[in-house]
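In listed order, ligands and their atoms are each counted from 1. What you see is a predicted model; the values in this text were computed from it and never measured.
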Amino acid sequence: MGVNIFDTAEVQNFLRVIANLDGEGGNPRVKSVVHRILSDLFKTIEDFDLTPDEIWAGINYFNTLGSQHEAALLAAGIGLEHYIDLRLDAEDKELGIFGGTPRTIEGPLYVAGTPVAEGKARLDKDPDPDAAPLRIRGTVTGPDGMPVAGALVEIWHSDSKGFYSHFDPTGRQSEFNLRGAIRTGADGKYEALTTMPASYGCPPMGATQALLNQLNRHGQRPAHVHIFVTSDKFRKLTTQFNIEGDPLIWDDFAFATREGLIPPVVEKDDGRAVGFEEDAYRDIEFDLHLTERVDGKDNQIVERARAAA
Ligand code: FE
């Protein structure tokens with residue numbers, strides 16, 4: 001027995017008052033967005049006849065989410081972060097920018113401050129006997145296909161348990177384990193010796209998983225490696241590649257998988273020659289194609305709260 005009051009002058013005026021739409025000062029953009037979001041929320045409450053109990057459950061959800069520092073995780077899980085990518089793709093299309101490595105979500109687990117190495121880096125600082133050796137290598141190229149010197153390739157990924165250093169709930173990993181920052185030389189090449197990442201999921205008892213449970217969705221990601229590429233001349237690239245063969249590749253709770261981001265995994269046996277302690281390893285070649293700036297500006301720099309060590 002829902003009541004209909006949303007379209008009354010009283011409620012419509014109330015929404016304008018809440019956002020101070022007709023008042024002086026404040027941030028006009030924030031006022032407009034707050035007005036719109038609250039209008040959509042009030043309308044949703046009316047259309048679904050949400051009970052006070054349900055509304056308070058939603059309000060308390062935000063407290064839980066924040067206390068668990070899971071807001072950015074939820075943003076990935078509800079597709080908000082992928083939606084940003086879809087909008088950036090469409091903007092690029094409108095600007096006539098094609099041909100770069102596909103972008104995909106950053107996720108919440110980057111850590112700034114990883115020491116920079118020239119050309120090549122060892123990422124696995126801690127022993128992880130359950131993780132096979134992995135070499136990641138490739139060339140950073142510009143829009144003309146030529147190698148980019150001086151590009152900074154930042155790489156981060158999980159250990160065999162699916163945990164990231166700095167965020168590992170077991171406290172087992174040392175600072176910057178499985179994180180690297182590699183500066184390309186004149187040949188544009190980067191190389192990282194590391195270990196295979198594992199698939200992982202949302203904390204099972206966390207607020208993000210609690211919402212996913214209500215949707216009958218899992219909170220798991222396929223194994224993947226995160227990458228930033230920055231340079232003086234071209235736009236920043238934020239991307240990831242997936243580990244080929246992972247059963248979750250097209251069933252990622254964060255919607256990060258994209259065509260072009262699933263490079264082949266090649267089994268090799270000259271590990272000692274390339275710097276590993278054993279001969280068998282996996283090799284992934286993943287070139288990184290950068291795109292032209294827009295009117296000289298890098299419009300791909302995203303400001304958001306990030307961890308630093
Ligand atoms: Fe990740």
Side-chain angles (χ1 to χ4, degrees), residues 68-85 101-114 121 123-126 128 130-132 134 136 153-170 172-173 175-182 192 194-204 206-209 212 217-229 236-258 260-263 265 282 284 286 288 302 304-309:
Q68 296 172 342
H69 299 280
E70 282 200 13
L73 188 64
L74 181 71
I78 59 174
L80 195 54
E81 202 171 1
H82 181 58
Y83 185 57
I84 295 171
D85 284 338
T101 298
R103 61 169 61 80
T104 197
I105 69 165
E106 173 181 330
L109 302 175
Y110 172 79
V111 173
T114 304
L123 273 46
D124 54 322
K125 285 122 196 149
D126 302 337
D128 188 353
D130 296 330
L134 167 67
I136 304 165
V153 179
E154 292 178 272
I155 299 174
W156 68 104
H157 66 81
S158 76
D159 69 1
S160 65
K161 308 287 182 293
F163 295 133
Y164 285 73
S165 61
H166 195 89
F167 301 97
D168 187 335
T170 70
R172 219 167 23 87
Q173 296 184 61
E175 201 173 45
F176 304 122
N177 188 44
L178 308 181
R179 298 175 184 276
I182 302 160
T194 186
T195 52
M196 289 291 281
S199 67
Y200 63 89
C202 298
T208 302
Q209 187 60 56
L212 294 172
R217 281 182 48 201
H218 70 73
Q220 303 295 307
R221 300 211 56 201
H224 58 274
V225 172
H226 296 265
I227 300 177
F228 277 164
V229 190
K236 179 176 178 178
L237 171 67
T238 299
T239 194
Q240 308 178 20
F241 63 77
N242 287 124
I243 302 298
E244 187 189 44
D246 192 301
L248 289 173
I249 279 190
W250 293 108
D251 188 17
D252 176 3
F253 102 97
F255 310 102
T257 306
R258 314 199 82 176
L261 301 180
I262 313 166
V265 180
R282 293 178 173 86
I284 292 178
F286 191 64
L288 298 158
V302 174
R304 57 183 279 184
R306 293 186 175 96

Hey, do the aromatic rings of F167 and H69 have their centres closer than 6.0 Å?
-> no

So, D168 and K161, do they make that salt bridge, N to O below 4.0 Å?
-> no

Quick check, are the ring centers of H166 and Y110 under 6.0 angstrom apart?
-> no

Within a strict 4.5 Å, meaning less than it, do heavy atoms of the P203 and L73 side chains meet?
-> yes

For the Fe ion (ligand 1), report each protein N, O or S atom nearer than 2.8 Å, sorted by chain and then by residue number.
-> Y164 OH, Y200 OH, H224 NE2, H226 NE2

NZ/NE/NH1/NH2 to OD/OE distance under 4.0 Å, R304 and E81 = yes

Closest approach of D130 and S160, non-hydrogen atoms and distance?
-> CB-OG, 3.5 Å

